[in-house]
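Quick notes on the structure that follows.
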Amino acid sequence: MAKPFHLNTPLLESISMSKRVGTTVYLKMENSQPSGSFKIRGIGHLCQQLARQSKGVVCSSGGNAGMAAAYVARKMGVPATIVVPSSSPQLVVQRLRDEGATVKITGRVWDDANAEALRLAETEGLTYVPPFDHPLLWQGHASMITEVADSLGPGVRPGAVLVSVGGGGLLCGVIQGLKDVGWTEVPIIAMETVGADCFNAAVKAGRVVTLADITSEAKCLGAKTVCTKAFEYSQSSELTIISEIVTDQEALQALESFLDEERVLVEMACGAALAPVYSGLIRRLQDEGRLPTPLGPLLVIVCGGSSVNVKQLADLKHKLQT
């Protein structure tokens, strides 16, 4: 079996976050992956299965999936074309080029870029690497939960898992992982930002819906339609999935607090998963009886992000304050 491209990432205990929520908080540090985010788990697994003899891969991305695809393609010696929307930061475009990828900027949101990636796959005979909607991706992402179970040891399981949702690939992977280790009764708190909340909109509507536009600054959450599998999981009586949204301001404040306390810079998409700890949402869910009191260890998936630097953080802060 081929060696995976991803790392077994640290599981760190956060004393400061634990104080805030009154239970132990563990951070699964996916930001320390070679490509900067969890995406390398699924994309690496998919490429090993589908792209070994490929003439090239093409991936549509708001940033992180593209970084993972470009990294994996470089390691495999396969050309990569990454199609990104115009909303992607220049920082991301440059990093993709540094990985050796050809970057094509198409449309304004991820959905536009994805249509072009599918066209290129068809016309140029490239292997299409979906950023979130494929069973092989979910299989790859599931490995992070297996690692958490190994780190915590026998008899210890999370009281809840905090995860950001964009198109739903990470959510599907976490659920697959919980199934793999026998933790299906562990509640999942699925977090999005206002304006990039396709999963929450689907849960409320009782069907998959397509957002009119992406208005959130958390561009890496910016799929207008969640994958069908994530929605199906939300309807399952065997799982507890709590869908919540936070504002861009709350995600940004969480990101800043995390940088101050943990000395780690992550992007807005990851800030959505951190926000419940800093905004008091976890306490509110307990008060409402939607999470147990006392709560077992809280597992936060620090999904990472390569599309942020200090200047972008300052620009975001200025934009959200005006």
Side-chain angles (χ1 to χ4, degrees), residues 1-6 33-141 166-170 172-173 210 214 219-230 304-307:
M1 188 174 162
K3 186 174 181 290
F5 294 103
H6 68 264
Q33 292 290 1
S35 67
S37 84
F38 76 96
K39 291 277 190 181
I40 195 172
R41 291 181 183 269
I43 285 174
H45 182 59
L46 181 139
C47 287
Q48 282 180 324
Q49 303 292 317
L50 302 183
R52 286 234 165 260
Q53 308 303 317
S54 176
K55 63 187 277 192
V57 301
V58 61
C59 179
S60 56
S61 174
N64 292 318
M67 284 298 300
Y71 175 88
V72 169
R74 180 169 64 82
K75 291 295 185 183
M76 291 176 70
V78 171
T81 301
I82 313 298
V83 189
V84 299
S86 59
S87 55
S88 298
Q90 187 56 39
L91 163 75
V92 172
V93 174
Q94 189 55 55
R95 284 188 175 168
L96 288 167
R97 287 179 177 146
D98 289 346
E99 280 287 356
T102 299
V103 181
K104 185 164 188 183
I105 300 170
T106 302
R108 211 173 58 77
V109 295
W110 170 79
D111 301 72
D112 304 330
N114 191 50
E116 176 63 10
L118 289 166
R119 188 190 71 78
L120 289 171
E122 183 72 27
T123 58
E124 299 189 18
L126 302 176
T127 301
Y128 173 66
V129 178
F132 55 82
D133 194 359
H134 197 288
L136 288 173
L137 298 177
W138 311 331
Q139 260 178 35
H141 298 335
L170 177 57
C172 290
T210 298
I214 300 298
K219 300 304 180 189
C220 288
L221 297 182
K224 291 200 284 188
T225 313
V226 77
C227 69
T228 303
K229 188 67 173 176
S306 47
S307 65

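Side chains are part of it too, since the values below use all heavy atoms of this structure and drop only hydrogens, waters and symmetry mates. Because the structure is a prediction, the values reported are computed rather than measured.
Across every non-hydrogen atom of A80 and A73, the tightest pair is CB-CB, 3.6 Å. The shortest non-hydrogen separation linking S37 to N64 is OG-CB, 3.4 Å. Minimum interatomic distance between G166 and V226 (heavy atoms only, all atoms of both residues): O-CG2, 4.4 Å. Heavy atoms only, all atoms of each residue included: I82 and A101 are closest at CG1-CB, 3.8 Å. Of all heavy-atom pairs between L50 and H134, the closest is CD1-NE2, 4.3 Å. Contact between C172 and C227 at its shortest, heavy atoms only, is SG-SG, 3.9 Å.
Distance check, rounded to the nearest 0.5 Å: OG of S88 to CG of L96 gives 8.0 Å. Distance check: C59 SG to L120 CG gives 12.0 Å after rounding to the nearest 0.5 Å. Rounded to the nearest 0.5 angstrom, I43 CD1 and S35 OG are separated by 7.5 Å. For the atom pair CZ (R97) and OG1 (T102), the distance works out to 9.0 Å, reported to the nearest 0.5 Å. Remark: F5 CZ to Q48 CD distance equals 4.5 Å, nearest 0.5 Å. Taking NZ of K224 as the reference point, atom CH2 of W110 lies at 10.5 Å (rounded to 0.5 Å).
A donor-acceptor distance shorter than 3.5 angstrom exists from the side chain of H141 to the backbone of G42, with no hydrogens or angles considered.
The shortest side-chain heavy-atom distance between M67 and K39 does not fall under the 4.5 Å cut-off. Side-chain atoms of D112 and V109, non-hydrogen and from C-beta on, do get closer than 4.5 Å to each other.
Counting heavy-atom neighbours within 6.0 Å of Q49 CD, excluding the residue itself, gives a total above 12.
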Please tabulate, one pair per line, all N/O donor-acceptor pairs under 3.5 Å involving side-chain atoms of residues 124-132, not counting sequence neighbours.
residue, atom, partner, partner atom, Å
T127, OG1, S54, OG, 2.8
Y128, OH, N114, OD1, 2.5

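Listed by first then second residue, pairs satisfying salt bridge (Lys or Arg N to Asp or Glu O under 4.0 Å) with a partner in residues 60-83 read R74-E99, not counting sequence neighbours.
For T210, the side chain to side chain donor-acceptor pair (under 3.5 Å) partners at least two apart in sequence or on another chain are T225. For R108, the salt bridge (Lys or Arg N to Asp or Glu O under 4.0 Å) partners at least two apart in sequence or on another chain are D213. Applying the salt bridge (Lys or Arg N to Asp or Glu O under 4.0 Å) rule to E116 yields the partners K104, R119; only residues at least two apart in sequence or on another chain are considered. With sequence neighbours left out, the side chain to side chain donor-acceptor pair (under 3.5 Å) criterion links Q94 to D98.
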For R41 and Q33, what are the C-alpha separation, side-chain angles and deciding distance, and is it a side-chain contact (heavy atoms from CB on, under 4.5 Å)?
CA-CA 9 Å; R41 291 181 183 269; Q33 292 290 1; 3.5 Å; yes
